[in-house]
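To keep things clear, I will list the structure first and then write my remarks on it.
Within every chain, numbering begins at 1; the chains are lettered A, B, ... in the order of the sequence lines, protein sequences first and strands thereafter. Because only heavy atoms are used, hydrogens play no part in the values below, and waters and symmetry mates are left out as well, while side chains stay in. This is a predicted model, so every value here is computed, not measured.
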Protein chains: 4
Amino acid sequence: MERKQRRRQILEAARSVFAARGFHQSSVADIIEEAGIARGTFYLYFESKRAIFGELVDQFLVAMKNNVRRVEIGAHLPPPYEQLRANFSRAVALFLEDRDMSVILLNHAQGLDEDSDRKLQEFYDAMALALQRAVEGGQALGLVSIEDTEIAARVMLGGIKEVIHYLVVQDAEPREREQLVDDLVQLIFCGVIDGGLKQLREPVSRVPDSIAHLERGGT
Amino acid sequence: MERKQRRRQILEAARSVFAARGFHQSSVADIIEEAGIARGTFYLYFESKRAIFGELVDQFLVAMKNNVRRVEIGAHLPPPYEQLRANFSRAVALFLEDRDMSVILLNHAQGLDEDSDRKLQEFYDAMALALQRAVEGGQALGLVSIEDTEIAARVMLGGIKEVIHYLVVQDAEPREREQLVDDLVQLIFCGVIDGGLKQLREPVSRVPDSIAHLERGGT
Amino acid sequence: MERKQRRRQILEAARSVFAARGFHQSSVADIIEEAGIARGTFYLYFESKRAIFGELVDQFLVAMKNNVRRVEIGAHLPPPYEQLRANFSRAVALFLEDRDMSVILLNHAQGLDEDSDRKLQEFYDAMALALQRAVEGGQALGLVSIEDTEIAARVMLGGIKEVIHYLVVQDAEPREREQLVDDLVQLIFCGVIDGGLKQLREPVSRVPDSIAHLERGGT
Amino acid sequence: MERKQRRRQILEAARSVFAARGFHQSSVADIIEEAGIARGTFYLYFESKRAIFGELVDQFLVAMKNNVRRVEIGAHLPPPYEQLRANFSRAVALFLEDRDMSVILLNHAQGLDEDSDRKLQEFYDAMALALQRAVEGGQALGLVSIEDTEIAARVMLGGIKEVIHYLVVQDAEPREREQLVDDLVQLIFCGVIDGGLKQLREPVSRVPDSIAHLERGGT
DNA sequence: TATGAATGAGCCTTCATTCAT
DNA sequence: TATGAATGAAGGCTCATTCAT
């Protein structure tokens, strides 16, 4: 128990250090200073700087996997939308509750070495695949007409990642989380345009006053 | 002129090295070897390893800025959709034509140091702002009902980044670029669900045969 | 008494560890693992890693000193040869019975630090001196014509050390120990050439068939 | 040429440092201080501390191998004794001319790691084999009656090593080198006893005055 | 006495940058 | 302008030893 607590303490320290400076800018010296321990103690609990970083990432990925459930279709089950929304909600919650790890994962976790990159890649691939399956389900139900489900899934994944990243980096609890999730789900599944693309396709003759100022805007 | 060519030669070498290994894994030794020049020569043309990296990023960002134009609304102008689509098309083209830089920007350019991160941040912020303005334009035109245009813009930006990243990393010219751009625009503006969310909200009683296999899927 | 047993246990463990890996390659961790004790316990019995090593060496040197007796000359005493041979026999027995320590002494015990080196040096010096005295005795008896008895003693000492080392490292009980001792004594006192150097000094005109193959040998 | 000189300079520094303190007690810091160069410069010329040590050892072993020639038997060749003596003379000269390396080889070169130990082992094995072949030659010529030529060779090798070691550590040019070589050859081939072992086998009834003092000697 | 967590000095090695030629 | 040898700060990691329990 003692041992586990010390481990946790070091992990916390490392997490905050990595989040603040990134992997390369962070030295073991930074971590032990943050944790208030001696040099050797660090290596009593972790094999290397890489190892503790990997453990942090793994921890988070596992939590994420455990919180995202396959969308099942059936009469006695919640409608797909509810299931999807619940997944989104849990994922967003995880990210927002652990901003350090979010920053690490979305900002610094890439380009360390091939193994590490592959692990991350595989995680995102798994998320993308889950989304792709959901989209294919929608296709089968006749709700989706787009053909390239892989691209569709990637767009959705990217949207989620970027929003999370944005919110975390802004470091502002911007609004009600559930409202955010609703927006996110709607944007990702339905886009921004209410009635589809048709409306965009026509030339606009009358500029509403409300946006006239945009025409010659600054940077 | 001679000097400019030498600069360009070193920049090319650095670009390919950075793309292959990332910033931290790449050493000045790698770059000068790739360029076939001596150690000292490198510093005759660039102040530091960071400087040449920054220059590569800047170069690309400038090209990108030059290729993305503000969407103007007016009777004698192309419809907003055409303008938007043209922007997307040019951006995608830029990325796909310079995969090295795409990898660098989307994978390795973050977490180097505060200056660098801020510059990148500012670039993406600018892209997000452009998208946000477009969305606000749609709002004014009554096409968009979503209120949080900032989030909407971020979702769109993330979708684009992720797709580009995916395509570049896959290293496969997957399909007609224009077709891809069409899909991208549709996804980002209209989402995947044809008729809006309503359809997802209802429970599904009948599972189409075509997706029955998905219910108990593997990994 | 309990304490002495624990000491002995740790000494045994250290001996086998040192013999297997040498002083520098062996860590205190290795020793306590081999002994099955805790880190702190080690320092309850020995001041340092160096100390336990020194104690092992001392132990062996004392045993050796106790087993090598001065060659006494007198009418009622065994002939010098018997006494010398007995000394050799006991020394060889000691080495072969404690191969771990033999390896340590003959292989790893040098170059640790000045104190340690000096102690070892002194031991070998004592052995050399004993041999030198014996040679001087022979000189006085008219059996030895060589003048530099110091060198003679060193040659003899080196011969013994090398043979022991060889046998221990080979890890094979090569032959009857007493036969070995006989050979050793003969070699060290009488050399390999039966009739002295004269025979070697003359050119060889006729190559015996038995060694013709040696003239153009391999490695 | 410049580069070779710098290499040589570092090698010299390392040689003297290793000889003075041994491999483990010597740090790269010691070597660069002795050489008067910067830390990085060391690694410009040698891969590691181990590498430079290995190079020093190799250098010496090669020189030794080049100086020891197979003893050939034939009517038109110098008598075997001359050839043997010449080998000894060259070997002794090599050692005495490079005392640093002698100390390193005879004192510190063992127990570093398996590779290193094996290399050294192989070198001594080769020397032993050469001596064994010589002894076998003597056997064939009827000059040698001892049967175990392997042991004989080891005794000879040990005698040489120990004498060299002794002389080097004493750090005194003790006498004419050729005289030393003569003694060495005689001792190694003919032992110390003029007329063979028989003389030692008889009890001694009369103690010559000249050695009476030895009977109750000091340490 | 026994434990094992904690300590921190010390070492090897890397690599961006400088500078004499 | 070009070279490449030289620099030295910085960082990861080990391990003998201490100490609170």
Side-chain angles (χ1 to χ4, degrees), chain A residues 2-3 5-7 9-10 24-32 35-52, chain B residues 2-3 5-7 10 23-33 35-53, chain C residues 2-3 5-7 10 23-33 35-53, chain D residues 2-3 5-7 9-10 24-32 35-52:
Chain A
E2 185 58 50
R3 184 166 169 87
Q5 277 178 16
R6 181 48 65 101
R7 253 185 89 87
Q9 170 201 9
I10 302 175
H24 289 288
Q25 251 61 28
S26 306
S27 67
V28 172
D30 294 329
I31 297 173
I32 65 176
I37 58 171
R39 242 183 162 59
T41 308
F42 176 87
Y43 288 94
L44 231 46
Y45 291 87
F46 300 95
E47 270 202 338
S48 66
K49 181 182 149 187
R50 265 305 319 286
I52 197 174
Chain B
E2 181 60 50
R3 181 166 172 89
Q5 278 179 15
R6 181 50 67 100
R7 258 185 84 86
I10 303 176
F23 180 79
H24 289 289
Q25 253 63 26
S26 305
S27 66
V28 173
D30 294 328
I31 297 173
I32 64 174
E33 189 188 14
I37 59 171
R39 242 182 163 61
T41 309
F42 176 87
Y43 288 91
L44 245 39
Y45 291 86
F46 299 94
E47 267 204 339
S48 66
K49 179 183 156 188
R50 266 299 323 287
I52 197 174
F53 186 81
Chain C
E2 181 60 50
R3 183 168 170 87
Q5 278 178 16
R6 180 50 67 100
R7 258 185 84 85
I10 302 176
F23 179 80
H24 288 289
Q25 253 62 28
S26 305
S27 66
V28 173
D30 294 329
I31 298 174
I32 64 174
E33 189 189 13
I37 59 170
R39 243 183 161 62
T41 309
F42 176 88
Y43 288 90
L44 245 39
Y45 291 87
F46 299 95
E47 267 203 339
S48 68
K49 179 183 157 189
R50 267 300 323 285
I52 197 174
F53 186 81
Chain D
E2 184 57 51
R3 181 165 172 88
Q5 276 179 16
R6 182 48 67 102
R7 253 186 89 86
Q9 169 201 10
I10 302 175
H24 289 288
Q25 251 62 27
S26 307
S27 67
V28 172
D30 294 329
I31 298 174
I32 65 175
I37 58 170
R39 242 178 163 61
T41 309
F42 176 87
Y43 288 93
L44 230 45
Y45 291 86
F46 300 95
E47 271 202 338
S48 66
K49 181 181 147 187
R50 266 301 322 284
I52 196 174

Atom pair distance, as rounded to whole Å: NZ in C:K49 and P in F:dT18: 15 Å
What distance separates B:Y43 OH from B:I32 CD1, expressed to the nearest 0.5 Å? 9.0 Å
Can you tell me how far C1' of F:dA6 sits from CZ of D:F46, to the nearest Å? 15 Å
Within this structure, what is the CD-to-P distance between C:E33 and E:dT3, rounded to whole angstrom? 14 Å
So, OP1 or OP2 of F:dA6: does either fall under 4.0 Å of a side-chain N or O from D:R6? yes
What is the distance from CD of A:E2 to P of E:dT3, rounded to the nearest Å? 19 Å
Of the nucleotides E:dA16, E:dC11, F:dA16, which has the atom closest to the D:S27 side chain? E:dC11
With DNA chain E as reference, determine whether C:I37 or D:S48 sits nearer its 5' end, using the nearest nucleotide of each. C:I37
Verify the contact: side-chain N or O of D:Y43 to OP1 or OP2 of E:dT13, cut-off strictly under 4.0 Å; return yes or no. yes
Go through the N and O atoms of the side chain of D:R39 and the base of E:dT13, and report whether any donor-acceptor pair is under 3.5 Å. yes
For DNA chain F, whose closest nucleotide is more 5', that of B:G36 or that of C:F42? B:G36
Rounded to whole Å, CZ of A:R3 lies from P of E:dA5 at a distance of 6 Å
Could you tell me the Watson-Crick or G-U partner of F:dG12, where both distances fall under 3.5 Å? Say none if there is no partner. E:dC11
Using 0.5 Å steps for rounding, measure from the CD1 atom of D:I37 to the CD1 atom of D:I10. 3.5 Å
Sub-3.5 Å donor-acceptor pair from the side chain of D:K49 to the main-chain atoms of D:I31, do we have one? no
Comparing C:H24 and B:A38 on DNA chain F - which has the more 5′ nearest nucleotide: B:A38
Residue whose nearest DNA chain E nucleotide is more 5′ - A:T41 or C:Y45: C:Y45
Who does E:dT21 pair with, Watson-Crick or G-U, both distances under 3.5 Å? F:dA2
Approximate separation, where rounding is to 0.5 Å, of A:L44 CG and A:R6 CZ: 9.5 Å
